[in-house]
Amino acid sequence: MGYNFTEIEPRWQKRWEAEDPYRVKRDPSRKKFYCLEMLPYPSGRIHMGHVRNYSIGDVISRFMTMNGYNVMHPMGWDAMGMPAENAAIKSGNHPRQHTYDHIEMMRTQLQNLGFSYDWDREIASCDPEYYKWNQWIFLKMMEKGLVYRSRRSVNWCPSCRTVLANEQAEGGTCWRCDSEVELKELEQWFVRITDYAEELLNGLDNLPQWPENVKAMQRHWIGRSEGSFVTFQLDGIDKGLEVFTTRIDTIFGSTFVCLAPNHPLVKEIRQMSPERKAIDEFVGRMNHMSREERLASTEKLGQFTGIYALNPFTKKRIPVYLANFVLMEYGTGAVMSVPAHDQRDFEFAKKYQLPIVPVIAPEPGFRYEEELTEAVEASGVLIDSGVFTGIASDTAKIEMNEVAEAGEFGRGAITYKLKDWGISRQRYWGTPIPIIYCDKCGIVPVPEKDLPVRLPDDVTFTGEGGSPILTSESFLHTACPKCGGNARRETDTMDTFVDSSWYYYRYLNPHLDTAPFDVDDAAYWTPVDLYVGGVEHATMHLIYTRFFTKLLRDFGLLKIDEPVNKMVTQGMVIKDGRKMSKSLGNVVDPDDMIQKYGADAVRVFMLFASPPEKEIEWKDQGAEGALRFLNRVWSFGENNPEIVQKEETFVAEELEGEARSLFQKLHQTIAKVEEDIEKRLHLNTAIASLMELYNQLSATSLEGETIRPVAGAVYRDMIRMMMPFAPHMACELGEVYGFDVSTWPKLNRKFAVPDSFTLVVQVNGKIKDKIEAWVGIEADAAFELAAGSERIAAELAGKTVLKKIYVPDRLLNLVVR
RNA sequence: GCCCGGAUGGCGGAAUUGGUAGACGCAAGGGACUUAAAAUCCCUCGGGGUCUUCCCUGUGCCGGUUCGAUCCCGGCUCCGGGCACCA
């Protein structure tokens with residue numbers, strides 16, 4: 001009859017849907033396991049990357065279930081965001097319609113792959129029942145002073161009169177009308193993630209089961225930097241200019257100061273500056289530069305402001321410049337420039353003919369005799385630095401910080417590259433920010449009882465004139481919760497990263513309407529034991545989600561500090577050596593593959609071809625190979641039904657020969673597969689060892705009374721071990737031949753070691769012979785055995801054995817002369 | 001530029017703690033079955049040598065440590081990823 005996956009797989013999927021065996025609830029009497037995979041954006045079709053991601057999670061879930069854990073394995077939809085809104089602009093369909101249509105299609109696709117999700121816990125972030133809690137969290141943050149409003153520039157298309165995302169403004173032109181994109185400053189909402197910077201950084205040390213590269217990326221992203229704030233008095237103006245530096249030890253060499261072109265002080269300076277015109281021109285030029293232009297060039301551009309500042313240590317008067325390389329987003333948006341010891345300042349000084357004064361000797365006795373050709377960035381000993389001359393950089397930093405603090409013009413400080421999180425989006429398809437603006441009362445948060453603030457339906461999608469939400473009269477106008485007067489609503493919606501920052505807590509109680517989730521459920525289920533997803537989320541999502549966990553903990557909802565115990569980042573699925581993309585025309589459709597090879601074979605190949613963290617190249621031939629393997633396993637049952645069916649007992653200790661070796665191979669395989677799945681997550685080698693087990697089983701002669709019960713037992717346990725990988729086939733075989741496939745085989749360590757091994761005999765490190773030996777053989781006995789070999793005897797003839805190195809059950813190396 | 005990874009047969013990969021390099025699979029070649037093909041099964045498969053139950057050689061390159069190195073150390077080359085004028 002053959003292995004007919006086309007018939008078997010849909011039948012089991014229907015059954016799983018009807019019986020819902022993956023439904024779980026809190027059960028303190030059992031050990032829990034929370035297996036999480038990154039939820040997809042409902043783009044309409046799943047892609048091979050999802051197949052890989054979810055196949056990995058499914059294996060772990062099924063494996064842990066079979067081992068008696070109470071496994072929660074949920075799935076949901078990251079359903080807000082621009083594509084649905086863009087589609088609405090094109091087609092006129094409401095984003096909600098569009099999104100839910102996609103969700104339906106994709107859920108079916110996931111079911112076609114046989115994943116063991118508890119669909120009762122399904123969530124969609126576009127559901128008001130979900131985003132209500134985004135709003136609730138926002139209000140909580142507000143209460144705690146963790147949100148504030150500030151101006152930030154956004155990409156703006158003057159022709160469409162709308163805000164653009166970076167990817168819509170690529171190349172500096174609007175994606176819809178090709179107009180030149182401008183930067184425009186808007187008042188936006190920010191979340192004080194920087195308040196948690198230190199904890200987010202230090203917490204990484206408590207995540208031993210996270211990939212090192214992900215932690216390294218987060219460390220860089222947070223970008224902690226120790227230095228000093230120093231205030232430079234402006235000459236003739238009653239204002240200070242605060243700079244951040246990590247090299248206060250070089251301050252005696254600071255010969256000018258640079259401001260970011262968009263530094264707030266620039267507006268004041270221009271009022272009184274003789275260089276007013278030049279300043280305006282320079283600022284205008286910088287504002288019109290696109291991201292790309294700015295990134296493309298490292299040429300230093302500057303403009304003298306006509307203003308001078310006083311170096312607080314040297315008391316010297318030094319010029320204040322505007323400079324393109326100074327970033328408003330970092331530090332204070334102003335730097336003290338030390339051209340002798342900073343390459344950027346050096347280039348700037350050369351270009352604008354500013355003095356270069358060395359103040360650090362990298363080695364004792366170092367003399368600056370020739371003119372510098374580049375900055376000397378190394379630390380060393382201070383020279384020409386007044387009372388600090390002769391002190392080492394490290395010490396000088398500390399002492400100078402103290403002097404600055406005593407003189408109230410500076411202090412030691414720590415800055416981060418991590419910026420506060422701007423969550424405002426001038427878009428429709430996102431969570432409305434629950435704020436009301438009243439002329440009398442100002443900024444008023446929406447009272448908790450009025451949540452959720454729902455997205456309005458009376459909107460039109462034109463792509464012009466800003467967010468579609470502005471077209472809704474019913475949404476815009478509301479009553480002030482405080483005074484009852486006329487007020488208007490905040491029209492910005494939240495960044496969708498808010499949605500995905502805490503969704504796995506909502507899985508705990510997806511329909512609870514009194515809290516985002518139940519505290520006791522959280523205490524039982526969290527943290528997530530295993531989180532599988534793409535490495536592209538190493539920074540943004542995985543930092544935000546750690547941040548939210550700390551927030552929710554501080555709100556009293558969680559008892560954990562970190563959301564995820566073990567993180568696995570899987571590599572991309574590629575084709576013909578390249579990322580799959582529509583433009584390259586190399587996209588492989590999961591549905592086509594399922595139809596051709598079956599879900600089980602697709603899963604097996606995906607897991608077999610490569611370990612999870614590596615890239616994987618999709619190959620039809622590889623899936624064929626996986627299908628061949630499943631076919632062979634199937635056929636064995638078909639050809640030997642009486643062996644597979646009949647569960648005859650046997651005494652393992654009494655087995656001999658082939659039967660014994662087969663039984664040992666079974667237990668070696670159990671040990672190996674367990675270790676590969678649980679400890680290493682190397683599912684490729686787990687499958688390889690199952691193939692080895694099958695190869696030995698199929699090579700065994702099935703004649704004879706003793707071997708047959710053993711072969712049956714081996715086959716049944718093998719199918720059980722295949723259950724996480726190829727669940728449809730395993731279930732079908734279990735049912736056809738009447739055995740249970742729901743529990744993991746029990747390992748008997750006694751049989752997980754073979755009786756004999758191949759003793760490798762080396763002479764002076766070169767392999768000279770291989771001899772079968774008993775496991776556990778003593779060094780002396782091994783030597784006797786080796787000496788008994790003709791070849792070794794010949795090697796030793798006339799020579800002295802200086803040293804015998806014996807590695808138990810492996811190798812004997814004889815050092816001779 | 002800085003910070004992480006990585007480099008093993010024709011290909012994907014294995015070798016988990018320094019101990020048989022190439023498990024497992026794909027591709028390829030040969031054979032069996034067949035009127036034929038597909039499917040299936042069997043054999044060969046890093047390179048070289050007088051193709052042998054034998055020898056030499058081989059894990060990007062150069063050197064080191066060690067009885068022994070794909071694995072550890074130093075110096076390179078190339079590839080991938082992240083960050084990128086971060087003061």
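In what follows, every chain begins at residue 1, and chains take the letters A, B, ... in the order their sequences are listed.
- Side-chain N/O atoms of A/Lys614 include one lying less than 4.0 angstrom from OP1 or OP2 on B/G13.
- Residue A/Arg219 has no polar side-chain atom (N or O) positioned under 4.0 Å from OP1 or OP2 of B/G82.
- Between B/A23 and B/C73, the distance separating the two C1' atoms is 29 Å to the nearest Å.
- If you check the side chains of A/Gln696 and A/Ser661, you find a donor sitting under 3.5 Å from an acceptor.
- Base pairing annotation: B/A14 forms no Watson-Crick or G-U wobble pair, as no partner gives both donor-acceptor distances under 3.5 Å.
- With C1' as the reference atom, B/A14 and B/U66 are 25 Å apart, rounded to whole Å.
- Using cut-offs of 30° and 60° for the angle between ring planes, the A/Phe636 and A/Tyr715 rings count as parallel.
- B/U34 and B/A28 have their C1' atoms separated by 23 Å, given to the nearest Å.
- Between the C1' atoms of B/U35 and B/G30, the separation comes to 22 Å (whole Å).
- Comparing B/A15 with B/C72, their P atoms are spaced 14 Å from each other, to the whole Å.
- Interatomic distance, OG1 of A/Thr700 versus NZ of A/Lys665, reported as 11.0 Å (0.5 Å rounding).
- Ring-plane geometry between A/Phe244 and A/Tyr330 is classed as perpendicular, the angle between the planes exceeding 60 degrees on a 0 to 90 degree scale with a lower cut at 30.
- Between the P atoms of B/G13 and B/G81, the separation comes to 15 Å (whole Å).
- Listed nucleotides: B/C41, B/G13, B/U16. Nearest to the side chain of A/Pro611: B/G13.
- Separating the CG atom of A/Asp345 from the C1' atom of B/C86 is a distance of 13 Å, rounded to the nearest angstrom.
- The same atom, C1', is picked in B/G6 and in B/G25; the two are 22 Å apart, to the nearest Å.
- Ring-plane geometry between A/Tyr352 and A/Phe348 is classed as tilted, the angle between the planes lying from 30 to 60 degrees on a 0 to 90 degree scale.
- Pair assignment for B/G1: B/C83, on the basis of Watson-Crick or G-U wobble contacts that are both within less than 3.5 Å.
- Put simply, A/Asn695 has a side-chain N or O that comes within less than 4.0 Å of OP1 or OP2 on B/G25.
- Dashed line: the shortest gap from a side-chain N or O of A/Lys803 to OP1 or OP2 of B/C67 is under 4.0 Å.
- Here A/Lys215 does not reach the OP1 or OP2 of B/G5: none of its side-chain N or O atoms lies under 4.0 Å away.
- Residue-level contact check: A/Glu790 touches neither bases nor backbone, having no heavy atom under 4.0 Å from any strand.
- Pairing for B/U40 is with B/A32, a Watson-Crick or G-U wobble pair whose two hydrogen-bonding atom distances lie under 3.5 Å.
- For the OP1/OP2 pair of B/A38 and a distance below 4.0 Å, the side-chain nitrogens and oxygens of A/Arg628 include no atom meeting the criterion.
- When the side-chain nitrogen and oxygen atoms of A/Arg632 are compared with OP1 and OP2 of B/A39, none of them lie within a distance under 4.0 Å.
- Within the structure, a side-chain polar atom (N or O) of A/Asn684 is placed less than 4.0 Å from OP1 or OP2 of B/A14.
- Checking A/Lys672 against A/Met328, the closest nucleotide of RNA chain B that is more toward the 5' end is the one next to A/Lys672.
- Side-chain nitrogen and oxygen atoms of A/Thr245 include none within less than 4.0 Å of the OP1 or OP2 phosphate oxygen of B/A87.
- For A/Phe325, the listed nucleotide lying nearest its side chain is B/A87; candidates were B/C26, B/A87, B/U16.
- Comparing B/C85 with B/G5, their P atoms sit 23 Å apart, to the nearest whole Å.
- Residue contacts for A/Gly625: at a heavy-atom cut-off of 4.0 Å it reaches the sugar-phosphate backbone alone, with no base atom in range.
- For B/C4, the base is anti relative to its sugar; the glycosidic angle deviates from 0 by more than 90°.
- One side chain, A/Glu772 or A/Thr758, offers a donor N or O that lies under 3.5 Å from an acceptor on the other.
- For the pair A/Ile805 CD1 and B/G18 P, the computed distance is 16 Å after rounding to whole Å.
- Considering only side-chain N and O atoms, A/Thr685 lies nowhere under 4.0 angstrom from the phosphate OP1 or OP2 of B/U16.
- By the 30° and 60° cut-offs, the orientation of the rings of A/Tyr321 relative to A/Phe304 is tilted.
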